[in-house]
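Residue indices begin at 1 and follow the sequence shown.
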Amino acid sequence: MNRFFVILLIFIGLSNWASAQDFETGVSNDEIEMAKYDKDPQANAVFLNEFGNTRIDEYMDHIRLIHTYHAKIKIFTKEGLTHGTIEIPIHNGDNSAEEVNNVTGFTYYKDDNGIIQKAEFESKKVYTVKDYKYGSTVKFALPALRPGCVIEFKYELISPYWDHFRGWTFQDDIPKINSQYEVHIPGFWNFNASIRGVLKLTKSTSEVERECFSSGGSKADCSHITYNMKDIPAFVDEDFMTARKNFLSAIYFELVEFTNPYTSVKTVVTKQWSDVDRQLKIADEFGSQVKRISLLKERIASVIAGKTDELDKAKTLYAWIKSQIKWNDYIGIYSSEGEKKALDTHSGSIADINLTLITALNAAGLNAEAVLLSTRDHGMVNTLYPVLTDFNYVIARLTIGEQTYLLDATDPLLSFGLLPLKCINDKGRVISMTKPSYWMELSTQQKAATTHMFDLTLLDNGKLKGSIVNYYKGYDAYEKRKAIKKFNSIDEYVEDFDEKQPKLKVLKSDITNLDSLESPLRETFEVEIDAFDNTNHDKLAFNPYFWEKRTTNPFKLAERDYPVDWAYASDKRLVLVMHLPAQYTVETPPQVVAYSLPNKGGMFATTFENQDNNTFTFSNITQFNKSVYDPAEYPYLKELFNKIILTEKGDMIFKKK
């Protein structure tokens with residue numbers, strides 16, 4: 001997956017920031033003439049050089065985080081021109097905000113006479129877009145952009161949030177020839193630094209410089225650490241992956257402790273899980289909510305009246321919470337409204353809903369605990385030491401006997417025990433009110449399962465007429481229910497389905513178990529399909545994969561350094577029974593194959609049975625038995641899809657007798 005290790009910065013001091021080894025401004029003739037990057041000829045641009053420097057220092061009588069950035073990029077193609085527009089995300093607090101200053105930039109290019117020109121960026125063209133209350137983006141575009149040019153820019157970012165020391169991402173979606181990051185940390189501060197990704201540093205050095213920091217009459221030595229990486233390949237996103245930041249080669253910093261330079265008071269920031277457990281258990285927005293069992297006992301008494309089976313109670317309460325509180329689109333691990341208000345107003349955040357669910361389950365005498373997690377787009381959590389900001393979601397963990405259920409009551413279409421895809425992301429931390437917290441794998445026993453059953457008759461006019469029955473289970477049923485519920489009625493859904501199939505006409509339809517979430521969803525269509533103009537031909541070509549034919553391999557990389565993560569296993573089946581006119585027989589049957597992945601990881605197989613001269617049965621199955629495939633398994637997955645695509649190209653031939 002990703003390699004993750006910790007470097008504890010225990011140096012008491014930091015080097016003088018002025019000694020930072022930035023590269024010289026300007027462009028060489030070789031850089032202008034460069035037509036491609038030899039190590040990645042398909043790249044539309046390449047970082048020729050990149051340098052960053054971050055220090056904690058006094059700035060206008062306040063302690064600030066001061067970050068400088070300098071980059072030079074060669075642009076080869078029109079597609080590469082997007083790298084000439086720079087976006088810098090900044091954080092805004094209630095009383096303070098980050099700011100970007102001293103923006104400079106140049107574009108170097110050859111004019112029509114072959115003379116190197118230098119277009120200078122106008123600093124007044126920097127503008128800021130507010131994204132939301134606490135976030136904005138500073139934007140600017142370099143001038144005179146064109147394929148073949150070299151752009152160079154610098155800026156300085158001043159941040160009051162020195163406790164969030166700036167990390168560095170070595171890898172980008174274009175390659176880099178050289179990337180260097182230098183950090184300067186006074187001895188008053190102690191950080192953990194973690195390096196992620198599969199790429200190794202080319203160089204890492206550290207040194208101590210004396211009295212490089214002074215504020216409020218206090219002085220400190222400083223640690224000057226340099227991280228360098230050369231010849232960095234581009235990171236290519238591909239289907240079936242979690243957040244890209246999980247796999248990018250990068251360095252991150254987490255504050256461990258600091259000493260106030262003015263008061264000499266030491267504050268420990270990174271604590272043990274036992275400290276975090278105590279903090280969460282007494283927090284008004286977390287543990288205090290879960291402990292209010294008496295509040296829920298009265299409310300749920302009538303809901304579970306007469307129910308004695310524990311699983312029956314749990315399913316009833318789960319359905320009741322979903323019906324009582326609608327998600328207000330706010331996420332996070334802390335309750336914002338509280339259980340009483342959420343129930344009274346029928347609205348609440350992720351934490352409001354799921355903490356109320358946990359309390360209700362416990363009030364019914366069941367064993368429920370909270371699980372903190374990070375959603376797939378938020379990134380993986382640090383399991384080496386507690387970082388509460390890594391978590392952005394909370395769900396319920398219910399134990400009945402030997403069986404464990406993970407529950408999220410924020411979506412009315414989620415069946416009992418089915419987690420949203422976004423929640424299946426590595427590990428979660430189980431927070432118990434009675435025992436120490438612990439890690440658990442976030443996986444699901446449920447899978448995506450679909451079966452298509454066709455019973456079709458080829459008529460003399462060239463049309464296929466018959467029935468299509470689709471069965472959906474698990475995640476496929478959830479996704480199909482979501483798709484149907486987007487329409488005002490089932491009739492509208494069927495009409496839309498009909499319109500999207502130009503050669504298919506729905507004559508009659510029926511959908512069952514749409515609201516019975518514990519049962520498979522079933523669609524039945526009586527259809528007429530325009531297969532051929534007529535049957536006055538000696539031979540007819542027919543593709544048995546006409547319903548969901550795969551033509552593109554989702555895996556295109558030569559090799560992949562990060563896992564293929566579907567989050568759940570899947571099972572897709574098709575059964576086709578076809579009746580031919582009396583004058584036709586099957587001359588060329590479909591290819592019968594059986595391909596499998598190593599270690600029973602999955603398979604693709606087909607069968608064909610010619611029952612008599614006029615009826616045949618064709619079936620195929622595609623199974624992926626694992627939710628996550630590691631990089632070593634990637635070539636086998638890629639090859640399996642190549643074989644599937646090649647097999648599904650093949651047509652059957654019907655021949656006149």
Side-chain angles (χ1 to χ4, degrees), residues 300 302-327 346 353-354 356-357 360-361 364 366 368 395-398 400-401 403-424 444-455 467-498 506 508-527 547 567-575:
I300 67 170
S302 60
V303 178
I304 59 173
K307 299 188 182 299
T308 56
D309 181 75
E310 289 191 334
L311 184 57
D312 193 18
K313 282 184 183 180
K315 289 184 175 181
T316 302
L317 288 172
Y318 176 71
W320 179 71
I321 292 292
K322 288 196 296 179
S323 69
Q324 292 298 302
I325 312 174
K326 182 180 179 181
W327 180 35
H346 303 290
I353 296 170
N354 286 331
T356 303
L357 172 64
L361 292 169
L366 303 174
I395 60 172
R397 182 182 192 269
L398 172 67
I400 298 177
Q403 185 66 44
T404 295
Y405 304 90
L406 296 179
L407 306 173
D408 179 4
T410 63
D411 187 336
L413 294 180
L414 283 170
S415 59
F416 187 86
L418 194 74
L419 277 184
L421 172 62
K422 62 186 176 185
C423 291
I424 306 173
T444 177
Q445 298 300 315
Q446 301 218 36
K447 60 184 179 182
T450 296
T451 298
H452 300 296
M453 301 186 70
F454 300 80
D455 192 317
S467 65
I468 298 174
V469 182
N470 300 321
Y471 294 93
Y472 303 96
K473 296 181 181 180
Y475 283 95
D476 281 348
Y478 169 68
E479 293 297 333
K480 178 58 69 172
R481 286 185 173 104
K482 281 204 305 182
I484 295 174
K485 291 288 187 177
K486 287 180 181 178
F487 294 89
N488 295 321
S489 66
I490 291 178
D491 288 343
E492 281 191 17
Y493 163 73
V494 174
E495 184 180 344
D496 180 76
F497 168 78
D498 195 7
V506 176
K508 188 179 179 182
S509 65
D510 181 53
I511 296 177
T512 58
N513 296 328
L514 180 60
D515 296 314
S516 300
L517 304 185
E518 303 299 315
S519 302
L521 177 68
R522 172 175 167 162
E523 294 178 322
T524 303
F525 300 106
E526 298 296 328
V527 299
W547 189 251
Y568 45 74
S570 64
D571 186 305
K572 311 287 185 185
R573 299 170 187 253
L574 179 146
V575 179

With rounding to the nearest 0.5 angstrom, report the [atom1] to [atom2] distance, [X] to [Y].
{"X": "H452", "Y": "R573", "atom1": "NE2", "atom2": "CZ", "result": "12.5 Å"}
{"X": "L361", "Y": "I400", "atom1": "CG", "atom2": "CD1", "result": "8.0 Å"}
{"X": "L311", "Y": "L398", "atom1": "CG", "atom2": "CG", "result": "8.0 Å"}
{"X": "I484", "Y": "F497", "atom1": "CD1", "atom2": "CZ", "result": "10.5 Å"}
{"X": "T404", "Y": "Q445", "atom1": "OG1", "atom2": "CD", "result": "10.0 Å"}
{"X": "I353", "Y": "I325", "atom1": "CD1", "atom2": "CD1", "result": "6.0 Å"}

Between [X] and [Y], which heavy-atom pair has the shortest distance, and what is it?
{"X": "A360", "Y": "L317", "result": "O-CD1, 3.6 Å"}
{"X": "A567", "Y": "L421", "result": "CB-CD1, 3.0 Å"}
{"X": "S509", "Y": "V494", "result": "OG-CG2, 3.6 Å"}
{"X": "L407", "Y": "G417", "result": "CD2-N, 3.4 Å"}
{"X": "L514", "Y": "R481", "result": "O-NE, 2.9 Å"}

Exercise. Would one find more than 12 heavy atoms of other residues, nucleotides or ligands at under 6.0 Å from atom CD of E526?
Worked result: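 It does: E526 CD has more than 12 such atoms within range.
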
Once side chain to side chain contact (heavy atoms under 4.5 Å, CB included) is applied, do any residues pair with [X], and if so which ones, sequence neighbours excluded?
{"X": "A319", "result": "none"}
{"X": "K447", "result": "A569, D571"}
{"X": "S489", "result": "D491, E492"}
{"X": "S570", "result": "A448, F624"}

For this session: Apply the test side chain to side chain contact (heavy atoms under 4.5 Å, CB included) to residues L406 and T444: give CA-CA distance (whole Å), side-chain angles for both, the deciding distance (0.1 Å), then the verdict.
Result: CA-CA 8 Å; L406 296 179; T444 177; over 6 Å; no

Check residues 515-525 and write down every donor-acceptor pair under 3.5 Å in which the side-chain atom is one partner and the other belongs to a residue at least two apart or another chain.
residue, atom, partner, partner atom, Å
D515, OD1, K485, NZ, 2.8
E518, OE2, F416, N, 3.2
R522, NE, T524, OG1, 3.2
R522, NH1, Y471, OH, 3.2
E523, OE1, N470, ND2, 3.1
E523, OE1, Y472, OH, 3.0
E523, OE2, Y493, OH, 2.5

For this session: Write out all pairs satisfying side chain to side chain donor-acceptor pair (under 3.5 Å) with one or both partners inside residues 306-322, taking only residues at least two apart or from two chains.
Result: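 Residue pairs passing side chain to side chain donor-acceptor pair (under 3.5 Å), neighbours aside: none found.
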
Problem set entry | Worked check of side chain to side chain contact (heavy atoms under 4.5 Å, CB included) between Q446 and Y475 | CA-CA 7 Å; Q446 301 218 36; Y475 283 95; 4.2 Å; yes

Under the salt bridge (charged side-chain N to carboxylate O under 4.0 Å, His left out) test, residues paired with [X] that sit two or more places apart:
{"X": "R397", "answer": "E369"}
{"X": "K326", "answer": "none"}
{"X": "D510", "answer": "none"}
{"X": "E495", "answer": "none"}

Problem set entry | Residues in side chain to side chain donor-acceptor pair (under 3.5 Å) contact with K473, at least two apart in sequence or another chain |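 By the side chain to side chain donor-acceptor pair (under 3.5 Å) rule, K473 matches no residue at all.
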
Problem set entry | For N354, side chain to side chain donor-acceptor pair (under 3.5 Å) partners two or more places apart |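 Per chain and number, N354 pairs via side chain to side chain donor-acceptor pair (under 3.5 Å) with D408.
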
Exercise. Is the shortest heavy-atom distance from the side chain of D411 to the side chain of W327 under 4.5 Å?
Worked result: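 No, their side chains stay 4.5 Å or more apart.
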
